[in-house]
Amino acid sequence: MNDIKPRTYREVVCLCNCMGLHPHVQDIPNETLVKMYHFLLADPANQVRIIPGRIVYYSGNETTDEDQPDGMRLANTLTSVSLTASLAQYNYPVQPSSRSSSSYDRFSGGSSNNNNNNNNHNTNNNNNNA
């Protein structure tokens, strides 16, 4: 990928997305990265999805090609990676919540009481001014 010289912003973003795979996808061959780069730039509808052991190339909703590079693996925490020329999406497994829905959450609800108090205070002030 080092010999690719992007000429447009879209090409720069696509190159960054492809090269940014290295920490997340181990042992992905350079030839595969170059193929992905050119495929993604060929059509805005093109996308690439990397799942354990496989790279699938899509044009719209149609599968156009598939690679199975030897030794390629996703980082332990990833389930898949989806790429377009302008977007890289790293997908992680959904972790079930261990919190009860009735437990106190310090990040929600606190401002509504304050707003109610402010509204009541404003109403009282308006009544006193009448």
Side-chain angles (χ1 to χ4, degrees):
M1 295 223 54
N2 294 335
D3 55 344
I4 293 177
K5 305 288 186 239
R7 294 176 306 226
T8 66
Y9 179 75
R10 184 172 180 262
E11 291 174 358
V12 169
V13 171
C14 187
L15 183 64
C16 288
N17 288 342
C18 291
M19 292 186 74
L21 290 173
H22 280 293
H24 306 286
V25 183
Q26 286 84 35
D27 300 326
I28 187 166
N30 189 57
E31 300 80 29
T32 302
L33 290 172
V34 171
K35 177 181 177 180
M36 287 177 11
Y37 172 79
H38 290 293
F39 176 78
L40 292 171
L41 288 175
D43 187 332
N46 288 353
Q47 58 181 306
V48 174
R49 185 165 172 99
I50 303 170
I51 55 177
R54 234 173 35 185
I55 300 172
V56 184
Y57 299 81
Y58 296 95
S59 184
N61 292 330
E62 299 292 319
T63 302
T64 61
D65 198 6
E66 199 171 299
D67 286 332
Q68 296 180 343
D70 289 333
M72 182 198 77
R73 62 191 188 287
L74 294 173
N76 289 340
T77 57
L78 284 173
T79 57
S80 66
V81 179
S82 300
L83 292 176
T84 67
S86 60
L87 178 71
Q89 180 179 1
Y90 298 92
N91 303 304
Y92 296 90
V94 176
Q95 297 294 327
S97 174
S98 62
R99 295 188 324 188
S100 165
S101 61
S102 64
S103 67
Y104 174 74
D105 185 353
R106 66 186 175 126
F107 296 111
S108 66
S111 65
S112 65
N113 287 337
N114 190 25
N115 287 338
N116 289 338
N117 290 338
N118 287 340
N119 290 339
N120 290 337
H121 182 67
N122 288 338
T123 302
N124 290 339
N125 282 343
N126 289 337
N127 288 340
N128 291 335
N129 290 336

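Since we're looking at a predicted model, the values are computed, not measured.
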Task: Option passing salt bridge (charged side-chain N to carboxylate O under 4.0 Å, His left out) with Asp67 (candidates Arg49, Arg54, Lys35) - done: Lys35

Task: Asp70 atom CG, neighbour heavy-atom count above 12 within 6.0 Å - done: no

Task: Inter-residue atom distance Asn17.CG - Ser86.OG, 0.5 Å rounding - done: 7.5 Å

Open item on the list: Are the side chains of Asp27 and Arg73 in contact, using a 4.5 Å heavy-atom criterion?
Closed with: yes

Task: Validation row: Cys18, Leu40 side chains within 4.5 angstrom (heavy atoms) - done: yes

Open item on the list: I'd like to know whether OH of Tyr92 has more than 12 heavy-atom contacts from other residues, nucleotides or ligands below 6.0 angstrom.
Closed with: yes

- [ ] Using a 4.5 Å cut-off on heavy atoms from C-beta on, say whether the side chain of Asn46 contacts that of Tyr57.
- [x] no

Task: Close side-chain approach of Pro6 and Tyr37, heavy atoms under 4.5 Å - done: yes

Open item on the list: Just verifying a value: how many Å separate Leu15 CG and Thr8 OG1, rounded to the nearest 0.5 Å?
Closed with: 10.5 Å

Task: Note, Ile50 side chain near Leu78 side chain (heavy atom, < 4.5 Å) - done: no

Task: Same cluster (ILVMFWY, side-chain, under 4.5 Å), Met19 and Leu33 - done: yes

TODO: Drop me the distance from Thr64's OG1 to Phe39's CZ, to the nearest 0.5 angstrom.
DONE: 3.5 Å

Open item on the list: Could you see if Met36 belongs to whatever hydrophobic cluster contains Leu41? Use Ile, Leu, Val, Met, Phe, Trp, Tyr and a side-chain cutoff under 4.5 Å.
Closed with: yes

